There are 2 protein chains.
Amino acid sequence: MTSTLADVAKAAGVHPGTASKALNPETRHRVADDTVKRVLSIAKKLNYQPNNIARSLRTRKTGTIGLLVPDLTNALFPPIVRGIERVLSEHGLHALVVNTDNNPEKANQLFTALRLRQCDGFILATAFRNDPIVEELAERNIPSVLVNRLTDKKLLPSVSGDEWSAMHVAVDHLISLGHTHIAHIAGPRSISNGSIRRAAFLDAVEEKKLKKDHCPVIVASEYSEDAGEAALLKLFASTKVKPTAIIAGNDQIAIGAIDGLRQLKLSCPEDVSVIGFNDSPLVDRLQPSLTTLHLPKHQLGEDAAVILLEIMSGKRTQKAEAHLLPCDLIVRNSTARMSSKANR
Amino acid sequence: MTSTLADVAKAAGVHPGTASKALNPETRHRVADDTVKRVLSIAKKLNYQPNNIARSLRTRKTGTIGLLVPDLTNALFPPIVRGIERVLSEHGLHALVVNTDNNPEKANQLFTALRLRQCDGFILATAFRNDPIVEELAERNIPSVLVNRLTDKKLLPSVSGDEWSAMHVAVDHLISLGHTHIAHIAGPRSISNGSIRRAAFLDAVEEKKLKKDHCPVIVASEYSEDAGEAALLKLFASTKVKPTAIIAGNDQIAIGAIDGLRQLKLSCPEDVSVIGFNDSPLVDRLQPSLTTLHLPKHQLGEDAAVILLEIMSGKRTQKAEAHLLPCDLIVRNSTARMSSKANR
DNA sequence: ATGGTTATGACAACCGATTGTCGTCCGAGT
DNA sequence: ACTCGGACGACAATCGGTTGTCATAACCAT
């Protein structure tokens with residue numbers, strides 16, 4: 001069916017080893033020019049395709065990288081994956097993509113499976129702030145990069161949005177619209193996004209000298225509409241001082257929060273302004289369209305892949321640098337100047 | 001670092017071949033029970049992990065399947081991918097996922113690369129009605145399955161939504177609301193979805209004895225909001241008899257069409273009802289929320305994977321059966337009873 | 001003429017499993 | 001006592017490349 005190196009070598013009247021060297025540009029100089037030509041032409045004539053498995057066995061390189069994402073159906077990840085893939089495919093590499101559903105056990109299992117497949121490197125979009133997989137990768141010095149989510153301990157290179165600045169911009173925006181009572185519905189604390197955005201919010205509140213008890217933080221149980229709605233209802237049930245603006249941990253929480261407001265007969269943005277995070281697809285077409293912080297998702301993926309490739313090629317050492325990409329505030333209709341009729 | 005089969009064999013005092021047989025449940029019967037026990041316990045003690053590359057080289061099975069999708073950032077595909085992955089991972093298989101962007105050249109290149117990686121099978125969500133890759137797979141009898149998109153020639157097993165019935169249900173729904181002037185904005189004709197839905201629309205119109213020139217079809221250049229909007233404007237510019245209902249080729253086209261209506265100072269659903277296809281995320285939260293045909297995307301992926309596995313294991317021969325999954329009409333607010341004030 | 005490079009390519013080991021063949025040994029049956 | 005059969009496991013070939021070593025020959029300079 002397919003011809004092997006031995007076939008080519010025999011047809012060219014050379015030893016397989018010699019044919020191998022002739023075919024490989026790196027080692028071609030060890031072979032006479034006309035021999036190279038002969039081997040090359042015969043290889044083409046026989047439509048020779050090297051067997052990657054055999055090559056991998058010898059070279060210990062599979063050209064495969066493991067890509068762990070929490071959940072592809074979350075619109076945040078596909079653009080990241082595509083960014084990664086764009087860069088990888090340029091270098092003849094391919095990604096084994098797996099979904100962990102934020103389940104550490106599942107993640108472990110899949111990670112082990114990918115390691116057994118001898119992936120040359122890993123990109124993780126699944127990191128928890130404290131993540132044994134990340135520790136293992138760092139310990140064993142396996143080429144790997146974090147994307148979007150960070151760990152508390154700086155163990156691996158990472159590429160993520162500059163959430164700290166983004167949150168400050170969000171708070172500034174609301175203040176500029178006259179808001180002084182701003183709440184934050186944070187994402188889960190076990191994930192860096194939730195925790196960093198939360199810390200940045202508190203920092204911004206303090207920096208802008210807003211009253212701390214006018215700016216409550218509540219944690220949503222997960223990054224979902226339902227959790228956002230539940231959190232909002234809980235927030236409004238528990239605080240005496242009602243906020244006139246809300247910064248959500250992400251777009252889904254924001255959407256859920258707006259649902260919650262609707263239930264309370266409050267409207268967005270007239271009564272309460274809402275800001276999301278990530279700039280997910282279609283949030284520009286919701287009613288109201290969502291003001292949100294745009295995450296350069298594709299770029300995140302590309303940069304992560306580039307860094308991984310540099311580490312794998314030895315052009316860069318695997319040190320735990322954090323690369324932060326700017327997030328722009330996209331102002332839409334879910335934020336508005338505080339109305340005078342607002343509560344308090 | 002990691003121990004090999006030879007290490008285990010030596011420690012157990014047996015030949016590597018024997019150790020291999022002891023480790024493999026299929027061949028274990030060829031080895032004495034206590035030898036098996038010894039090998040097993042030593043393998044565990046040495047934390048032996050078989051080298052998949054070496055195994056693949058010998059067995060010609062990589063446990064990898066190639067998954068071609070047009071574009072992961074199109075929300076249609078991630079659930080399909082996840083469905084596939086769920087089934088595959090249950091069997092220890094993994095998917096190499098690549099995006100072709102509906103670009104045949106890119107598809108070819110990626111397909112070739114995946115073939116060189118010795119994928120055991122393929123799942124294609126990228127098929128054109130006439131697709132050389134599909135022909136090659138069928139010719140060479142490589143285990144493979146189509147998902148969501150079909151080819152004109154029945155060459156491979158496929159799993160897709162029952163679009164024919166779905167379209168009939170959509171037309172029925174509009175007729176039951178009093179509409180008699182129904183237009184269809186079809187998707188690209190080179191892809192089965194566009195062509196089947198279009199043919200089904202024409203069939204339904206004829207079957208229901210609607211006047212053919214009251215039910216125009218226009219083709220959008222691609223499955224996007226912009227193309228949908230452009231198509232709608234062109235439609236309303238060119239027909240004397242204005243439709244009071246539109247069935248779009250998919251949700252994105254529907255959303256674009258609604259934008260177009262808005263430009264013409266027509267509102268949905270008061271003036272014109274609109275139906276989408278696929279039931280994409282968030283279309284239930286748009287204003288108006290979109291009536292659409294729900295595609296069981298996850299199930300599509302699962303079924304495709306199951307069929308592929310059955311082919312690969314020889315439990316099923318690779319015949320070109322088309323598996324059609326039912327699509328439910330989800331009635332929301334973009335369709336309404338035809339108002340009496342409507343044009344004509 | 002001689003010693004020393006250099007170019008070339010044959011050779012074989014190797015990567016780490018899998019698997020068919022075959023020899024040996026033991027016990028059972030006649 | 002002898003044969004037959006089965007259990008067991010050693011052995012080696014194999015999958016298809018890659019790569020370091022070495023032999024040979026040609027070439028150069030002294």
Side-chain angles (χ1 to χ4, degrees), chain A residues 1-43 46-64 92 113 115-120, chain B residues 1-43 46-64 92 113 115-120:
Chain A
M1 177 80 203
T2 63
S3 51
T4 72
L5 183 61
D7 299 335
V8 175
K10 198 187 297 176
V14 298
H15 189 273
T18 305
S20 171
K21 293 198 183 73
L23 257 4
N24 182 347
E26 307 282 312
T27 52
R28 190 164 290 166
H29 62 95
R30 310 261 293 99
V31 178
D33 279 356
D34 54 339
T35 307
V36 168
K37 263 193 211 117
R38 188 154 33 96
V39 170
L40 250 37
S41 91
I42 289 185
L46 296 186
N47 189 28
Y48 168 69
Q49 304 286 28
N51 181 322
N52 275 307
I53 305 292
R55 174 179 291 170
S56 295
L57 179 57
R58 179 67 219 238
T59 61
R60 300 171 166 294
K61 293 253 156 292
T62 56
T64 302
R115 292 230 321 149
L116 286 184
R117 280 175 181 280
Q118 332 268 343
C119 288
D120 294 341
Chain B
M1 176 82 202
T2 62
S3 50
T4 72
L5 184 62
D7 298 335
V8 175
K10 197 187 298 177
V14 298
H15 189 272
T18 305
S20 172
K21 294 196 182 73
L23 257 5
N24 182 347
E26 308 282 312
T27 51
R28 189 165 291 166
H29 62 94
R30 311 260 294 98
V31 177
D33 279 357
D34 54 339
T35 307
V36 168
K37 260 190 214 121
R38 189 153 33 94
V39 171
L40 250 37
S41 91
I42 288 185
L46 296 186
N47 189 29
Y48 167 69
Q49 304 286 28
N51 181 323
N52 274 306
I53 304 292
R55 173 179 292 171
S56 295
L57 178 59
R58 178 68 219 239
T59 60
R60 301 173 164 292
K61 294 254 155 289
T62 56
T64 302
R115 292 230 322 148
L116 286 184
R117 280 175 182 280
Q118 332 269 344
C119 288
D120 295 340

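Note that the structure is a prediction, hence the values are computed from the model and not measured. Quick note on labels: first sequence line is chain A, next is B, and so on, each numbered from 1. Atoms considered below: every heavy atom in the structure, side chains included; atoms not considered: hydrogens, waters and symmetry mates.
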Could you state the [atom1]-[atom2] distance from [X] to [N], rounded to the nearest angstrom?
X	N	atom1	atom2	value
B/K61	C/dT19	NZ	C1'	16 Å
B/L23	D/dG9	CG	P	14 Å
B/E26	C/dT19	CD	P	10 Å
B/R28	D/dC8	CZ	P	14 Å
A/R30	D/dT18	CZ	P	15 Å
B/H15	C/dT24	NE2	P	16 Å

Legend entry - Close approaches to DNA chain D from residues 31-38 of chain A, in residue order (heavy atom, under 4.0 Å):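 Contacting residues: none.
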
Inset, instruction - Please indicate whether B/D34 has more than 12 foreign heavy atoms, meaning atoms of other residues, nucleotides or ligands, lying under 6.0 Å from its CG. - result: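 Yes - once you tally the heavy atoms of other residues, nucleotides and ligands closer than 6.0 Å, there are more than 12.
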
Rounded to the nearest 0.5 Å, how far apart are [atom1] of [X] and [atom2] of [Y]?
X	Y	atom1	atom2	answer
A/Y48	A/T4	OH	OG1	7.0 Å
B/S56	A/N52	OG	CG	11.5 Å
B/N24	B/R30	CG	CZ	12.0 Å
A/L46	A/L5	CG	CG	11.0 Å

Legend entry - Within-4.5 Å side-chain heavy-atom neighbours: A/T35 and A/R38: yes

Legend entry - Any B/T2 side-chain heavy atom under 4.5 Å of B/Q49 side chain: no

Legend entry - Exercise: identify the closest heavy-atom pair between B/T27 and B/S20: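 Result for this residue pair: OG1-O, 4.3 Å.
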
Inset, instruction - Establish whether the base of D/dG20 is bridged to the side chain of A/K21 by a donor-acceptor pair shorter than 3.5 Å. - result: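 Looking at the base of D/dG20, it does pair with a donor or acceptor on the side chain of A/K21 (distance under 3.5 Å).
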
Legend entry - Helix axis bend for the helix from C/dA1-D/dT30 to C/dT30-D/dA1 - C1'-based end axes, five pairs, 10° rounding: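 Answer rounded to 10°: the end axes differ by 50°.
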
Polar atom pairs (N or O), protein with nucleotides 14-17 of chain C, under 3.5 Å:
residue	atom	partner	partner atom	Å
C/dC14	O2	A/R58	NH1	3.0
C/dC15	O3'	A/R60	NH2	2.7
C/dG16	OP1	A/R60	NH2	2.1
C/dG16	N2	B/A54	O	3.3
C/dA17	OP1	B/Y48	OH	2.8
C/dA17	OP1	B/N51	N	2.7
C/dA17	OP2	B/L5	N	2.4
C/dA17	O5'	B/Y48	OH	3.4

Inset, instruction - Please answer whether the main-chain N or O of B/G63 pairs with a side-chain N or O of A/R117 as donor and acceptor at a distance below 3.5 Å. - result: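 Checked: pair present.
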
Inset, instruction - Examine distances only and state if a side-chain atom of A/R28 and a backbone atom of A/L23 form a donor-acceptor pair shorter than 3.5 Å. - result: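 Answer holds: yes.
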
Legend entry - Test side chain to side chain contact (heavy atoms under 4.5 Å, CB included) applied to B/Q118 and B/T64, B/T62, B/L57, the passing residue: B/T62

